[in-house]
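Below is one structure; the comments refer to it alone.
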Number of protein chains: 4
Amino acid sequence: MTGRKREKYGLILDAAEKVIARSGYHGAQVSRIAKEAGVADGTVYLYFKNKEDLLVSLFRERLGSLVQRFHDSIRETHTAGEALRIVCGIHFTMLEKHPDLAHVTQIELRQSSPKLRSAIGLTVKPYIVLIENIVRKGIEENTFRADLDTKLTRLLLFGAMDQVVTSWIISGRKYSLSGQVDKTVDFFLRGLTVQERKIR
Amino acid sequence: MTGRKREKYGLILDAAEKVIARSGYHGAQVSRIAKEAGVADGTVYLYFKNKEDLLVSLFRERLGSLVQRFHDSIRETHTAGEALRIVCGIHFTMLEKHPDLAHVTQIELRQSSPKLRSAIGLTVKPYIVLIENIVRKGIEENTFRADLDTKLTRLLLFGAMDQVVTSWIISGRKYSLSGQVDKTVDFFLRGLTVQERKIR
Amino acid sequence: MTGRKREKYGLILDAAEKVIARSGYHGAQVSRIAKEAGVADGTVYLYFKNKEDLLVSLFRERLGSLVQRFHDSIRETHTAGEALRIVCGIHFTMLEKHPDLAHVTQIELRQSSPKLRSAIGLTVKPYIVLIENIVRKGIEENTFRADLDTKLTRLLLFGAMDQVVTSWIISGRKYSLSGQVDKTVDFFLRGLTVQERKIR
Amino acid sequence: MTGRKREKYGLILDAAEKVIARSGYHGAQVSRIAKEAGVADGTVYLYFKNKEDLLVSLFRERLGSLVQRFHDSIRETHTAGEALRIVCGIHFTMLEKHPDLAHVTQIELRQSSPKLRSAIGLTVKPYIVLIENIVRKGIEENTFRADLDTKLTRLLLFGAMDQVVTSWIISGRKYSLSGQVDKTVDFFLRGLTVQERKIR
DNA sequence: AATGAATGAGGTTTCATTCAT
DNA sequence: GATGAATGAAACCTCATTCAT
């Protein structure tokens with residue numbers, strides 16, 4: 001029974017993602033999602049409290065598992081720099097592999113209601129905290145500058161990566177997103193200016 | 001007559017900004033904007049083709065002038081690093097001075113329709129190109145790394161700054177935004193890692 | 001302008017009464033009322049806050065004016081008994097003359113939501129108070145029994161008349177309602193039992 | 001089996017009364033009644049044709065037994081006046097003892113569909129006929145006026161009592177309902193005006 | 001007999017836009 | 001140019017009822 005329930009729950013979420021990717025946030029009517037999922041309109045409301053709940057759930061399911069993968073992957077790593085490379089790698093690679101998801105999260109869901117946006121913010125927060133922790137670890141390791149403002153830095157890192165993904169989507173995905181990882185992390189670590197490590 | 005026209009045109013744009021700041025994007029009905037401007041609903045359509053055109057115009061007027069200020073300010077400067085500091089300074093300071101505008105651009109207008117979003121993108125584009133030019137200039141000056149991808153870098157810089165402003169708004173503007181300029185530019189120039197200039 | 005406004009306001013109310021009388025409370029969709037009134041659905045919401053407001057207004061307009069007529073008519077009369085006869089006469093005659101209104105008020109609106117029912121109660125209240133005042137006057141005049149409970153009595157009188165009208169509607173209006181006035185008032189004044197006035 | 005059947009039948013009726021009393025007529029969804037009764041939604045439809053049938057049955061069960069009590073109680077009495085006092089006494093006392101039932105019958109069920117209302121009417125009819133019989137008996141006994149219209153009078157009596165109960169419910173049951181019996185019957189028998197029995 | 005997941009029709013309300021004055 | 005009354009399409013959600021198990 002629960003299997004069946006989960007089955008339909010997933011069907012509806014899949015349908016929602018597909019419909020939003022195809023028709024945009026404003027074209028994502030419940031009736032269209034239901035039809036795509038092959039269920040009646042009312043069935044949607046057996047699994048979700050309302051439309052907003054459906055969209056929040058979609059975001060949580062998809063992004064939540066992504067955030068989880070970050071946590072799992074970091075554990076084994078050693079230096080903060082490597083951790084950052086892994087995070088950015090997962091971030092770009094995952095969204096490159098799932099362009100529908102990427103479109104939905106970067107473009108469509110940003111047009112949503114304040115309530116949904118705030119729910120999205122809560123889902124993304126752990127990811128941002130994860131980034132902050134890496135920065136903090138780098139400072140402790142003495143590989144990152146001690147004068148970094150960790151709270152500010154996490155925003156700079158997240159904002160930069162987020163914008164790269166968004167632009168990639170807007171451009172029509174004409175180039176490789178995962179191909180930007182190294183240059184991006186390089187920027188994070190070394191900045192813009194010509195600098196060389198001190199020769200002891 | 002044209003003077004008068006312009007007069008009402010401006011009144012309506014002012015009213016739109018005020019209403020959006022007060023009631024959010026979704027609360028910005030044409031009738032409310034008209035009332036705030038002291039004109040009839042139909043009058044709005046004498047100056048703007050439709051609601052979208054009104055919002056695009058609002059964005060162009062406001063953000064366009066901001067972008068112009070960037071151009072004007074940079075001309076005189078010398079090094080790319082200084083230019084970046086000036087750009088980030090204007091970016092943060094202007095939005096700190098006009099919190100209504102900041103709220104509208106960072107939060108409300110992001111909830112808008114695809115068409116409007118794309119129009120916004122076009123308005124912001126020159127700003128992003130400006131950033132790219134600074135990067136390119138830095139490379140030419142030999143102060144920025146020659147291996148920088150200028151197109152990618154402009155996104156990283158813009159995305160980072162944009163996220164800082166958005167978070168500042170969401171936080172309720174509890175801290176100084178302009179106080180983040182130095183740390184932000186520092187991050188752009190030097191990156192995260194402990195590095196020292198080569199001693200020649 | 002106001003004339004026009006009032007015009008449409010009245011058109012919608014008339015349409016509502018007609019539709020409710022024809023299709024019942026549950027068949028009274030806004031769209032049907034609008035069509036009957038010859039206006040667009042949205043126009044209804046220019047004159048009424050929502051459907052409930054429309055129905056409350058209908059009740060107030062119709063019953064309110066009826067109640068007003070009671071007040072106007074009573075002023076001139078002398079004895080409480082006569083006043084009672086006038087009230088009952090108006091009550092029955094008016095509803096007999098306007099069978100649609102009678103059907104709507106006695107049958108359809110009683111199936112309405114708690115909120116509407118309570119609004120209806122408030123409209124009818126002055127009528128019930130009017131009846132109480134007549135009873136009180138009768139006591140003061142020494143023509144009504146001094147041991148009457150005025151609050152209870154007003155309910156007994158109103159309830160009795162109300163039930164007569166309702167039954168007349170349910171029966172399909174097969175007999176004269178105004179023909180019941182004398183017998184009804186007689187019952188109010190003399191009760192059921194055989195009694196004779198004291199011979200002084 | 002029949003025993004069991006009856007068992008669940010009763011459970012569902014009890015649940016319906018409880019739910020209606022608690023949540024009102026419009027809050028009485030089939031699923032809620034089923035849950036309160038501890039059965040599945042579909043089970044309700046094994047015992048009742050549809051929701052309307054359930055509600056009609058509820059009314060018949062509850063009000064029908066009340067009406068039966070009237071019949072049983074009257075048989076032994078002698079004068080019509082006494083019979084009237086007994087009827088009114090049972091009417092008020094029973095509903096005072098069962099406020100949930102009173103609320104359901106006076107308020108909630110009146111908001112119901114035309115079909116249900118008509119079914120309710122049929123259930124109440126024998127009660128009204130009972131009243132008529134008392135009136136007729138009074139006339140035969142020569143204690144009630146011979147010129148009474150029995151059909152009209154039964155409405156006046158029932159309507160008056162019904163309104164008293166309804167007002168008592170609406171007032172929040174702040175006073176004793178059974179305390180109104182004597183004054184009510186007094187009104188029925190003697191009317192409003194000061195009259196004295198003929199002294200022979 | 002009992003279950004309960006699934007169905008799907010149906011109605012109120014908003015608001016950008018128009019056009020007669 | 002200016003008005004603002006009128007338009008009408010469009011979508012979420014509820015809940016009585018069914019039927020496969």
Side-chain angles (χ1 to χ4, degrees), chain A residues 1-2 4-5 7-9 26-35 37-54, chain B residues 1-2 4-5 7-8 26-35 37-55 113, chain C residues 1 4-5 7-9 26-35 37-54, chain D residues 1 4-5 7-8 26-35 37-55 113:
Chain A
M1 278 301 180
T2 328
R4 268 214 163 160
K5 246 192 174 171
E7 206 179 303
K8 229 154 236 198
Y9 180 86
H26 290 104
Q29 300 136 4
V30 172
S31 62
R32 228 192 278 200
I33 292 172
K35 187 180 238 178
V39 301
D41 292 17
T43 305
V44 172
Y45 292 87
L46 295 177
Y47 295 91
F48 303 93
K49 219 178 64 199
N50 51 34
K51 185 182 177 179
E52 193 169 63
D53 182 37
L54 163 59
Chain B
M1 274 304 183
T2 328
R4 266 205 170 170
K5 241 189 178 173
E7 207 180 301
K8 254 177 205 184
H26 289 106
Q29 299 117 343
V30 172
S31 63
R32 225 194 279 203
I33 293 172
K35 186 180 236 177
V39 302
D41 293 15
T43 305
V44 171
Y45 290 85
L46 297 175
Y47 295 92
F48 302 94
K49 215 180 68 197
N50 51 31
K51 186 184 179 180
E52 195 167 62
D53 181 37
L54 163 60
L55 294 177
S113 69
Chain C
M1 279 300 179
R4 267 217 164 159
K5 247 192 173 172
E7 205 179 303
K8 230 156 236 198
Y9 180 86
H26 291 105
Q29 301 137 2
V30 172
S31 62
R32 227 191 279 201
I33 293 172
K35 186 180 239 179
V39 300
D41 292 16
T43 304
V44 172
Y45 291 85
L46 295 176
Y47 296 91
F48 303 94
K49 217 179 65 199
N50 50 33
K51 186 181 178 180
E52 192 169 64
D53 181 37
L54 163 59
Chain D
M1 276 304 183
R4 266 204 170 170
K5 240 189 177 173
E7 206 179 304
K8 252 174 207 188
H26 289 106
Q29 299 117 343
V30 173
S31 63
R32 224 193 280 203
I33 293 172
K35 186 181 237 179
V39 301
D41 292 16
T43 304
V44 171
Y45 290 85
L46 297 175
Y47 294 91
F48 302 93
K49 216 179 68 199
N50 51 33
K51 186 183 179 179
E52 194 167 64
D53 181 36
L54 163 60
L55 294 177
S113 69

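Lettering of chains follows the sequences in order, A, B, ..., and the numbering in each one begins at 1.
- In this structure, B/Asn50 places its CG atom 17 Å from P of E/dC15, rounding to the nearest Å.
- Considering only side-chain atoms of B/Lys51, the nucleotide from E/dT7, E/dA16, F/dT3 that sits closest is E/dA16.
- A/Tyr9 has its OH atom 15 Å from the P atom of E/dA6, to the nearest Å.
- Residue A/Ala34 comes nearest to A/Val44 through the heavy atom pair CB-CG2, 3.9 Å, listed as atom of the first residue, atom of the second, then distance.
- When each of F/dA5, E/dC15, E/dT7 is scored by its nearest atom to the side-chain atoms of A/Ala40, the top-ranked nucleotide is E/dT7.
- Nearest heavy-atom pair across D/Gln29 and D/Lys51 is CA-NZ, 4.5 Å.
- Between B/Ile33 and B/Ala28, the shortest heavy-atom distance links the atoms CD1-O, 4.2 Å.
- When both pairing distances are held under 3.5 Å, F/dA16 makes a Watson-Crick or G-U pair with E/dT7.
- Nucleotide F/dA10: paired with E/dT13 (Watson-Crick or G-U wobble, both distances less than 3.5 Å).
- When distances run from any side-chain atom of C/Val30 to the nucleotides E/dA16, F/dA6, E/dT12, the shortest one goes to E/dT12.
- For D/Lys49 and F/dT17, the shortest distance from a side-chain N or O to OP1 or OP2 is not below 4.0 Å.
- Distance A/Asp41 CG to E/dG11 P: 16 Å, rounded to the nearest Å.
- Here the OH-CG distance, from C/Tyr45 to C/Leu54, works out to 8.5 Å after rounding to the nearest 0.5 Å.
- Considering only side-chain atoms of D/Tyr47, the nucleotide from E/dA2, F/dT17, E/dT17 that sits closest is E/dA2.
- Under the Watson-Crick or G-U wobble criterion, with both distances below 3.5 Å, E/dA1 has no partner in any strand shown.
- Picking from F/dA6, E/dA1, F/dA2 the nucleotide with the shortest atom distance to the side chain of B/Thr43 gives F/dA2.
- Here F/dC12 presents its C1' atom at 12 Å from CD1 of A/Ile33, a figure rounded to the nearest Å.
- The residue A/Val44 sits apart from the nucleic acid: no heavy atom pair falls under 4.0 Å.
- Atom CD in B/Gln29 sits roughly 18 Å away from atom P in F/dG4 (whole-Å rounding).
- We find that NE2 of A/His26 is positioned 17 Å from C1' of F/dA9, with the value rounded to whole Å.
- Between B/Asp53 and B/Phe48, the shortest heavy-atom contact is OD2-CA, 3.4 Å.
- Nearer to the 5' terminus of DNA chain F, by closest-nucleotide assignment, is the contact made by B/Val39 (compared with the other of D/Ala28 and B/Val39).
- One atom, NZ of D/Lys35, and another, P of E/dT3, lie 14 Å apart when rounded to the nearest Å.
- Nearest to the side chain of D/Tyr45, among F/dA2, E/dA6, F/dT17, sits F/dT17.
- Contact annotation: C/Ser31 side-chain N/O to E/dG11 OP1/OP2 distance is not under 4.0 Å.
- One can place CD of A/Glu52 at 18 Å from P of F/dA11, the figure rounded to the nearest angstrom.
- Across every strand in view, E/dT21 sits in a pair with F/dA2 that passes the Watson-Crick or G-U test at under 3.5 angstrom.
- Of the two residues contacting DNA chain E, namely A/Gly42 and C/Arg32, the nearest-nucleotide position lying further toward the 5' end is that of A/Gly42.
- Note on A/Lys8: every side-chain N or O is 4.0 Å or more away from OP1 and OP2 of E/dA5.
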